[in-house]
Number of protein chains: 2
Amino acid sequence: MDIGNDTGRAADSVVAMLEAKIVSGELENRAPLPAERELMEQFGASRTVIREAISKLSSRGLIETRPRFRPIVRKPDYATVLHACGNVVQHLLTERSGIKNLYDSRVFIERALVREAALAARKEDIVNLRAALEDNRNAISDSSEFYRTDVAFHGVLYRIPRNPIFPTIHEGYTSWLAPQWDRMLRSPERNEVNYLAHKAILDAIMERDPLAAEEALTNHLKAAWEFVRVTFDWGEE
Amino acid sequence: MDIGNDTGRAADSVVAMLEAKIVSGELENRAPLPAERELMEQFGASRTVIREAISKLSSRGLIETRPRFRPIVRKPDYATVLHACGNVVQHLLTERSGIKNLYDSRVFIERALVREAALAARKEDIVNLRAALEDNRNAISDSSEFYRTDVAFHGVLYRIPRNPIFPTIHEGYTSWLAPQWDRMLRSPERNEVNYLAHKAILDAIMERDPLAAEEALTNHLKAAWEFVRVTFDWGEE
DNA sequence: GTATTGCCTTTGGTATGACCAAACTTAGAT
DNA sequence: ATCTAAGTTTGGTCATACCAAAGGCAATAC
């Protein structure tokens with residue numbers, strides 16, 4: 001297939017060399033890249049290929065570029081992956097089926113997460129969940145603040161497996177799945193509903209009842225979807 | 001943050017316009033892009049920015065480029081997302097912890113998948129699983145063929161939720177998670193072990209026993225990891 | 001009539017050189 | 001020491017040129 005992997009170009013060897021220098025630390029993280037005219041001397045290439053290489057590295061998330069500013073070296077991390085996906089994911093969300101698929105996958109993951117939580121959550125996890133839930137309760141009257149604490153509550157769930165991939169996935173969901181509607185469809189009444197849903201989830205987790213936790217989570221997310229679907233008059237799926 | 005999103009450049013407007021023409025279908029899928037010299041006339045830009053735009057679109061997976069060949073228009077799909085991630089993911093897998101995290105996430109997902117399968121698999125899913133298992137059995141003596149059927153068996157699990165996101169994730173796992181060792185560490189003996197593991201999973205699914213299915217799957221994948229870990233003398237994690 | 005061969009044209013990849021405007025540096029003024 | 005203004009560096013863009021490989025075409029061979 002080889003999308004975006006233009007093998008055989010001169011720029012690629014430059015990319016490879018710069019890539020190596022970045023991962024090896026020879027080019028320090030957060031440090032500015034040398035000037036283009038210096039790089040062309042260093043690699044014996046024309047500015048054309050140097051700039052192409054820089055563009056590619058930027059796409060791969062290995063350097064940050066702002067127009068007219070020195071590119072900044074950036075060691076790749078999980079957030080980088082997320083960002084690389086983002087550009088493409090957005091195209092899949094123009095169709096409703098794309099949104100639905102993404103949302104369903106979220107339900108699937110979170111179901112497994114709460115199940116896991118009920119079975120294996122540590123004391124500190126429970127503490128964090130209680131704190132997050134408390135934040136929910138205190139923010140019921142402030143929809144904007146409630147949104148933040150809502151996301152945070154789910155975030156705690158994603159952190160329970162202690163695998164940095166999951167918080168990254170969570171970030172993906174929250175940034176891709178229509179923060180637009182999420183924000184505009186909130187009200188103290190709905191916040192209260194969601195607070196209670198979170199409470200039910202936490203209760204089930206604390207009772208170490210995976211089935212109940214899964215069910216509470218499923219109800220919570222399905223209800224949220226229903227609300228959005230009906231509000232926007234999306235018809236049945 | 002804005003990685004790979006070089007706002008403010010002339011190329012970006014060209015990217016946007018081409019992007020629009022691709023998603024709208026004005027530029028047909030699988031059709032070659034117009035020649036660069038034609039695009040520069042069409043957009044009133046220099047070849048420099050045209051080429052930069054093409055490079056960006058290529059990185060985003062909206063066009064396929066091979067050196068010296070006409071770029072090919074490509075409507076974004078789930079595979080495109082996968083590919084966009086691939087370039088970056090690879091960097092996270094240079095450390096062992098990255099591999100472990102990815103593998104753990106796979107175990108997590110597949111546990112949920114087999115659980116789901118035990119609870120909700122349709123007749124056709126069972127049929128597919130049986131067929132895949134049968135393929136396993138017939139390929140025990142041919143390690144290369146067994147690898148293929150092994151991947152296929154797991155693939156059936158990912159297709160059960162009827163959400164295209166999951167097969168995509170599966171492809172990610174199989175392409176990123178060391179197909180190198182997977183291939184070289186196989187033998188008829190290990191194939192037999194894996195066949196039996198698959199059989200145990202399917203049996204549990206057919207008995208509609210989610211707990212047993214989850215356990216069988218976990219044993220299967222944990223054992224595979226252990227085997228790799230010990231073989232490569234990776235020490236404890 | 002089809003397949004093969006060889007020539008010409010098109011087109012992508014790269015190199016130069018130039019220019020501009022914005023960022024950066026530095027020396028001078030307050 | 002701080003601020004300011006001039007000078008320098010440097011990224012973004014354009015125009016042009018050249019090369020080699022891909023594509024197209026036509027004469028040739030079978």
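All chains are named by letter (A, B, ...) in the order of the sequence lines, taking the proteins before the strands, and each is independently numbered beginning at 1.
- One interatomic measurement links the two molecules: CD of A:Glu41 to C1' of C:dA15, which rounds to 16 Å at whole-angstrom precision.
- Remark: B:Tyr158 engages B:His170 in a ring-ring contact (aromatic ring centres under 6.0 Å, His included) (not counting sequence neighbours).
- Between B:Leu39 atom CG and D:dC14 atom P there is a gap of 14 Å when expressed in whole angstrom units.
- For A:Tyr103 and A:Tyr173, the ring centers sit 6.0 Å or farther from each other.
- Between the P atom of C:dT14 and the CE atom of A:Met40 lies a distance of 14 Å, rounded to the nearest Å.
- Between B:Asn136 and B:Thr149, the side chains place a donor N or O and an acceptor N or O closer than 3.5 Å (distance only, hydrogens not considered).
- Interface residues of residues 44-51 of chain A facing DNA chain D, ordered by number: A:Arg47, A:Arg51; criterion, heavy-atom separation under 4.0 Å.
- Atom CD of B:Glu28 is surrounded by 12 or fewer heavy atoms from other residues, nucleotides or ligands within 6.0 Å.
- For the pair A:Lys100 and A:Trp225, the distance from NZ or CZ to the six-membered ring centre is under 6.0 Å and the angle to the ring normal is within 45 degrees.
- Around atom CD of B:Gln42, more than 12 heavy atoms belonging to other residues, nucleotides or ligands sit under 6.0 Å away.
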### Query
What do the steps show when you test B:Tyr78 against A:Asn101 for side chain to side chain donor-acceptor pair (under 3.5 Å), and what is the final call?
CA-CA 11 Å; B:Tyr78 291 93; A:Asn101 285 334; 3.1 Å; yes
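- Distance CG (A:Leu33) to P (D:dG12): 12 Å, rounded to an integer number of Å.
- Rounded to a whole Å, the CD atom of B:Glu52 is 10 Å from the P atom of D:dC14.
- Remark: C1' of C:dG12 and CD1 of B:Ile63 are 13 Å apart, rounded to the nearest angstrom.
- Side chain to side chain, A:Asp150 and A:His198 meet the donor-acceptor criterion of an N or O pair below 3.5 Å.
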Using a cutoff of under 3.5 Å, can you pull out all pairs of nitrogen or oxygen atoms linking the protein to nucleotides 20-26 of chain C, with atom names and distances?
none

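- Protein atom CD1 of A:Ile72 is 14 Å distant from nucleotide atom C1' of D:dG11, rounded to whole Å.
- Looking at heavy atoms from C-beta onward, B:Lys56 lies out of side-chain contact with A:Lys56 at the 4.5 angstrom threshold.
- One can place CD of B:Glu36 at 15 Å from C1' of D:dC14, the figure rounded to the nearest angstrom.
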